[in-house]
Amino acid sequence: MDLELRHLKTIRAIADAGSLTRAATALGLAQPALSAQLKRIERALGGELFERGREGVRTTALGDLVLERARVVLPAVCELQEEAVRFARDGAEGYRLGGTHGPLLGGLVDRIARTDPGAPVTTYTSWSEREIAGGVVAGRLDFALVGVCGESGPPEAGRLAWTEVARDPVYVMLAADHPLAPRAEIDLAELAAEAWTDVPGDGCFGDCFAAACVRAGFTPACVYETDTASCVHLVQVGRAVGLCRATFPVTPGLVTRPLAGAPLIWRHLLGWHPEGRAAGRAAAVLHHTRAAHEEALARSAGRTTTPAPREGTPR
């Protein structure tokens with residue numbers, strides 16, 4: 001048996017209580033169970049730790065050695081845990097960014113790296129908006145960059161501060177040789193016979209899409225929910241049409257077109273903890289995120305953009 005922290009806590013509790021009966025009460029254990037546990041600990045350490053007597057127990061020479069070390073190790077481990085929690089919440093300056101999959105997170109990293117090159121930047125991505133928001137609530141992330149459908153509320157709305165970065169109409173992805181590809185915009189009803197593909201998520205977008213289709217007079221016959229690369233492949237080979245954001249980058253073999261009347265809207269949101277370590281930098285991060293959105297829109301439309309200047313360069 002390997003010695004664990006709980007075993008050191010048991011030894012300390014017995015020594016402090018002076019008897020197995022009182023120690024068992026303090027630990028919330030039955031005395032026979034504590035006695036059996038102590039015997040296992042003593043076997044692991046190679047000898048008796050306590051002498052039993054009518055008046056209770058007292059430490060042996062081996063017990064004195066182990067207890068002395070335990071009184072050093074246990075507070076040190078407790079302090080380590082407290083410091084780790086503080087560091088995760090208020091530690092070294094930097095940017096811990098979480099986001100769902102899309103071009104804005106990469107654009108945000110690029111702008112921060114250019115304007116604040118000495119600051120460490122880490123990223124975490126997930127399909128789950130709730131997971132990303134939960135990371136900010138728990139102090140593992142500083143900022144959450146997620147999207148919601150239409151006027152839907154963001155996750156953890158009562159615990160995080162959320163600001164809208166931008167709102168875009170949802171686009172459709174078509175193979176470059178699709179009959180409707182030359183059109184400037186496409187009516188959703190014209191796609192009634194198509195199979196569809198989209199990335200997963202835990203928001204209400206799937207329900208919003210289904211409702212939009214019903215309003216257009218049809219029910220989607222098939223929806224492939226998969227990763228971005230697979231969505232692109234299915235569209236390129238003509239197996240499906242896809243749903244995407246207006247910021248979707250130019251990709252060979254497919255085109256993106258707005259849906260007539262904008263039946264679906266995607267809102268980009270930035271969230272942070274109002275009492276978190278990075279709350280004071282929220283305004284700057286919001287500015288960078290909005291700029292990253294504008295750059296992504298320009299790239300999607302085939303326009304060139306001017307990157308953010310590096311620190312110390314003329315603006």
Side-chain angles (χ1 to χ4, degrees), residues 88-91 93-116 119-171 199 201-205 208 244-249 262 264-301 305-309 311 315:
R89 186 184 65 240
D90 307 314
E93 288 296 310
Y95 300 84
R96 300 173 302 170
L97 310 175
T100 48
H101 297 256
L104 296 196
L105 184 59
L108 176 58
V109 171
D110 179 49
R111 292 190 65 87
I112 290 174
R114 286 177 173 273
T115 58
D116 195 1
V121 179
T122 60
T123 59
Y124 178 80
T125 58
S126 170
W127 297 116
S128 170
E129 291 89 354
R130 286 194 286 269
E131 181 183 353
I132 296 296
V136 179
V137 169
R140 296 189 297 272
L141 297 170
D142 296 321
F143 295 97
L145 183 56
V146 304
V148 296
C149 182
E151 300 304 320
S152 301
E156 299 289 357
R159 305 176 72 179
L160 300 181
W162 291 97
T163 296
E164 183 176 296
V165 175
R167 59 175 61 203
D168 296 320
V170 173
Y171 277 32
V199 295
D202 53 12
C204 64
F205 183 77
C208 292
C244 67
R245 305 168 192 176
T247 52
F248 195 85
L264 293 166
I265 297 294
W266 188 256
R267 291 196 300 137
H268 304 275
L269 302 177
L270 181 73
W272 64 90
H273 198 295
E275 298 178 0
R277 66 171 197 166
R281 288 174 285 158
V285 173
L286 177 61
H287 170 76
H288 288 314
T289 308
R290 284 176 170 161
H293 173 263
E294 290 299 319
E295 292 169 357
L297 278 180
R299 286 193 301 270
S300 179
T305 61
T306 301
E311 178 108 345
R315 294 178 182 268

Open item on the list: Can you tell me how far apart CD (Glu295) and CG (Leu104) are? Round to the nearest 0.5 Å.
Closed with: 10.0 Å
Open item on the list: How long is the straight-line distance from CZ of Phe248 back to CG of Leu297, given to the nearest 0.5 Å?
Closed with: 14.0 Å
TODO: Indicate yes or no: at least one non-hydrogen side-chain atom of Leu270 is less than 4.5 angstrom from one of His288.
DONE: no
- [ ] List the atom of His273, the atom of Val136, and the distance in Å for their closest heavy-atom pair.
- [x] N-CG1, 3.6 Å
- [ ] Would you mind listing every salt bridge (Lys or Arg N to Asp or Glu O under 4.0 Å) that reaches into residues 120-134, with sequence neighbours excluded?
- [x] Arg130-Asp202
TODO: Could you pull out the closest heavy-atom pair between Val148 and Gly153, with the gap in Å?
DONE: CG1-O, 4.0 Å
Open item on the list: Restricting to non-hydrogen atoms, name the atom on Cys204 and the atom on Ser152 that form the minimum distance, rounded to 0.1 Å.
Closed with: SG-OG, 2.9 Å
Task: Any donor-acceptor pair under 3.5 Å from Thr289 side chain to Val285 backbone - done: yes
Open item on the list: Restricting to side-chain contact (heavy atoms from CB on, under 4.5 Å), what partner residues turn up for Arg245, sequence neighbours left out?
Closed with: Thr100, Thr247, Trp266, His268
- [ ] Can you see which heavy atom on Tyr124 is nearest to which on Leu105, and at what distance?
- [x] O-CD2, 4.5 Å
TODO: Decide yes or no for Leu97 and Ile112: does some side-chain heavy atom of the first lie under 4.5 Å from some side-chain heavy atom of the second?
DONE: yes
Open item on the list: Using the side-chain contact (heavy atoms from CB on, under 4.5 Å) criterion, which residues pair with Ala282? Sequence neighbours excluded.
Closed with: Phe143, Trp272
Open item on the list: If the condition is salt bridge (charged side-chain N to carboxylate O under 4.0 Å, His left out), which residues does Arg267 pass it with, not counting sequence neighbours?
Closed with: Glu164
Open item on the list: Which residues pass the side-chain contact (heavy atoms from CB on, under 4.5 Å) test with Ala119, not counting sequence neighbours?
Closed with: Tyr95, Asp116
Open item on the list: I'd like to check the side-chain contact (heavy atoms from CB on, under 4.5 Å) partners of Ala133; sequence neighbours left out, ordered by chain and number.
Closed with: Pro155, Glu156, Leu160, Trp162
Task: For Leu108 against Ala292, the heavy-atom pair lying closest together - done: N-CB, 3.8 Å
- [ ] Nearest 0.5 Å please: distance from the CD1 atom of Ile132 over to the CG atom of Leu145.
- [x] 9.5 Å
Task: Nearest atoms (heavy-atom pairs only) where His293 meets Ala166 - done: CE1-CB, 3.3 Å
Open item on the list: Given 3.5 Å as the limit, does a donor-acceptor pair link the side chain of Arg281 with the main chain of Gly94, or not?
Closed with: yes
